[in-house]
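So the structure is just underneath, and the comments pick up after that.
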Amino acid sequence: MMQWNNWTFNSDFILLGIFDHSPLHTFFFSLILGIFFMALIGNSTMVLLIYLDAQLHTPMYILLSQLSLMDLMLICTTVPQMAFNFLSGNKSISMAGCGSQIFFYVSLLGAECFLLASMAYDRYVAICHPLRYSVLMSHKICGLMAASSWILGSLDGIIEVAAALSFSYCGAREIPHFFCDVPALLTLSCSDTLTFEKIIFFCCVIMLIFPVAIIIASYTRVILAVIRMGSTESRHKAFATCSSHLVVVGMYYGAAMFIYMRPSSGRSPNQDKMVSAFYTILTPMLNPLIYSLRNKEVARAFMKVLGMDKATA
């Protein structure tokens, strides 16, 4: 039976990170800080626009605001700690800090999985059943979908952090990553983690494969419906909306499956760090751009907040 060890909690871990202080790595670090601030501004703007503009209080935009909020929290879970470690030269992180990172990171990843499936269902109903949209995708149902995404993600986070911190850790206690990621942490354990690794794989099947199945089924029906549309303008609008979502889904699920659904024997720390950086740092920055660049409603709301709609009227 796994037991909690007092010495485990009194010892810090060392995050090896992805950068040293060479000129090239300093440049890449500065680039990541720039991406971080862009993601911070972009996602905050999306959340505020959707909150302030009554015309955006529809299920599609409410779910989008939740995605932006999750992305905002996700990038704040990893980058500030990485920046502190790099700038201070102190690469240690306490057991409590590591546990907090695992909980928020896993919870937010899980929540986004289910939220993206909810967004796919929303587009399916809007395009395939437009006359029943207000019934099948009411504000109450939308709220339940968003709340369920947060709850299911949090449950996954609680399970994984409780299990991961129950193991004994020994040796150099150096995590080959820039944040406390469960697969990287398990490589330092003195305990037998095989059963837990199987549980993680099972959780990944539920958190990744099940939502992906919903997304594929929804968009298969959507694509068939769009092809049958008589109006070229309607077809273009539907494809524009759905393609944005599919780009995000492809980036997010592709990277997550690469990290969490490979056998531990085939893992490379450098590959894991690069892919993790992609979907924990770059994706949160890209999401607001992908959803807003071709979205006239978001552009209109932005102009309204700036007061430019009256000037151009």
Side-chain angles (χ1 to χ4, degrees), residues 35-77 104 107-127 130 133-154 211 215 218 222 237-249 251-252 279 282-313:
I35 291 172
F36 170 73
F37 285 113
M38 286 179 66
L40 208 64
I41 294 168
N43 286 292
S44 299
T45 300
M46 288 294 289
V47 172
L48 287 173
L49 284 179
I50 293 168
Y51 174 76
L52 293 173
D53 195 307
Q55 293 184 40
L56 297 182
H57 293 177
T58 62
M60 184 180 89
Y61 290 106
I62 290 171
L63 294 176
L64 181 55
S65 71
Q66 296 302 296
L67 179 66
S68 291
L69 182 60
M70 290 175 187
D71 279 339
L72 192 61
M73 293 176 66
L74 180 62
I75 199 168
C76 288
T77 299
F104 284 109
S107 297
L108 291 165
L109 286 183
E112 284 202 26
C113 284
F114 290 108
L115 188 71
L116 288 170
S118 300
M119 293 172 73
Y121 171 77
D122 171 72
R123 291 301 84 205
Y124 159 70
V125 175
I127 293 171
Y133 183 79
S134 59
V135 176
L136 296 175
M137 201 61 196
S138 64
H139 280 79
K140 182 179 180 180
I141 293 173
C142 176
L144 286 173
M145 284 182 168
S148 298
S149 298
W150 284 99
I151 292 169
L152 291 171
S154 298
I215 290 169
S218 297
V222 165
K237 184 177 179 180
F239 267 126
T241 304
C242 296
S243 61
S244 299
H245 187 209
L246 286 173
V247 168
V248 172
V249 166
M251 292 191 304
Y252 180 81
Y279 75 91
L282 190 60
T283 301
M285 184 271 289
L286 291 175
N287 282 352
L289 297 177
I290 291 169
Y291 280 110
S292 63
L293 281 178
R294 293 185 297 174
N295 193 310
K296 293 180 180 179
E297 289 298 311
V298 173
R300 178 201 53 76
F302 186 68
M303 294 297 182
K304 182 179 178 182
V305 169
L306 293 180
M308 294 176 64
D309 59 331
K310 295 178 181 179
T312 58

Using the side chain to side chain contact (heavy atoms under 4.5 Å, CB included) definition, which of the options Thr45, Leu63, Val47 pairs with Ser68?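 That would be Val47.
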Heavy atoms only: give me the nearest [X]-[Y] pair and the separation to one decimal.
{"X": "Leu40", "Y": "Leu72", "result": "CD1-CD1, 3.5 Å"}
{"X": "Tyr61", "Y": "Ile50", "result": "O-CD1, 3.2 Å"}
{"X": "Ile215", "Y": "Ala120", "result": "CG1-CB, 3.8 Å"}
{"X": "Pro59", "Y": "Tyr133", "result": "CB-OH, 3.4 Å"}
{"X": "Pro211", "Y": "Cys113", "result": "CB-O, 3.5 Å"}

Got a second to check how far [X]'s [atom1] is from [Y]'s [atom2], nearest 0.5 Å?
{"X": "Met303", "Y": "Asp53", "atom1": "CE", "atom2": "CG", "value": "13.5 Å"}
{"X": "Leu67", "Y": "Met46", "atom1": "CG", "atom2": "CE", "value": "8.5 Å"}
{"X": "His57", "Y": "Cys142", "atom1": "NE2", "atom2": "SG", "value": "11.5 Å"}
{"X": "Trp150", "Y": "Leu108", "atom1": "CH2", "atom2": "CG", "value": "5.5 Å"}
{"X": "Leu64", "Y": "Asp122", "atom1": "CG", "atom2": "CG", "value": "10.5 Å"}
{"X": "Asp71", "Y": "Gln66", "atom1": "CG", "atom2": "CD", "value": "11.5 Å"}

Take Met119 and Met145 through the side-chain contact (heavy atoms from CB on, under 4.5 Å) test and state the conclusion after the steps. CA-CA 9 Å; Met119 293 172 73; Met145 284 182 168; over 6 Å; no
Sub-4.5 Å side-chain heavy-atom contact between [X] and [Y]:
{"X": "Leu74", "Y": "Met70", "answer": "no"}
{"X": "Phe36", "Y": "Pro284", "answer": "no"}
{"X": "Ile141", "Y": "Leu136", "answer": "no"}

Determine whether a donor-acceptor pair (N or O, by modelled atom type, separation under 3.5 Å) exists between the side chain of Asn43 and the backbone of Ala39.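 Yes, the answer is positive, given that a donor and an acceptor are paired below the 3.5 Å cut-off.
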Tyr121 atom OH: more than 12 heavy-atom contacts under 6.0 Å: yes
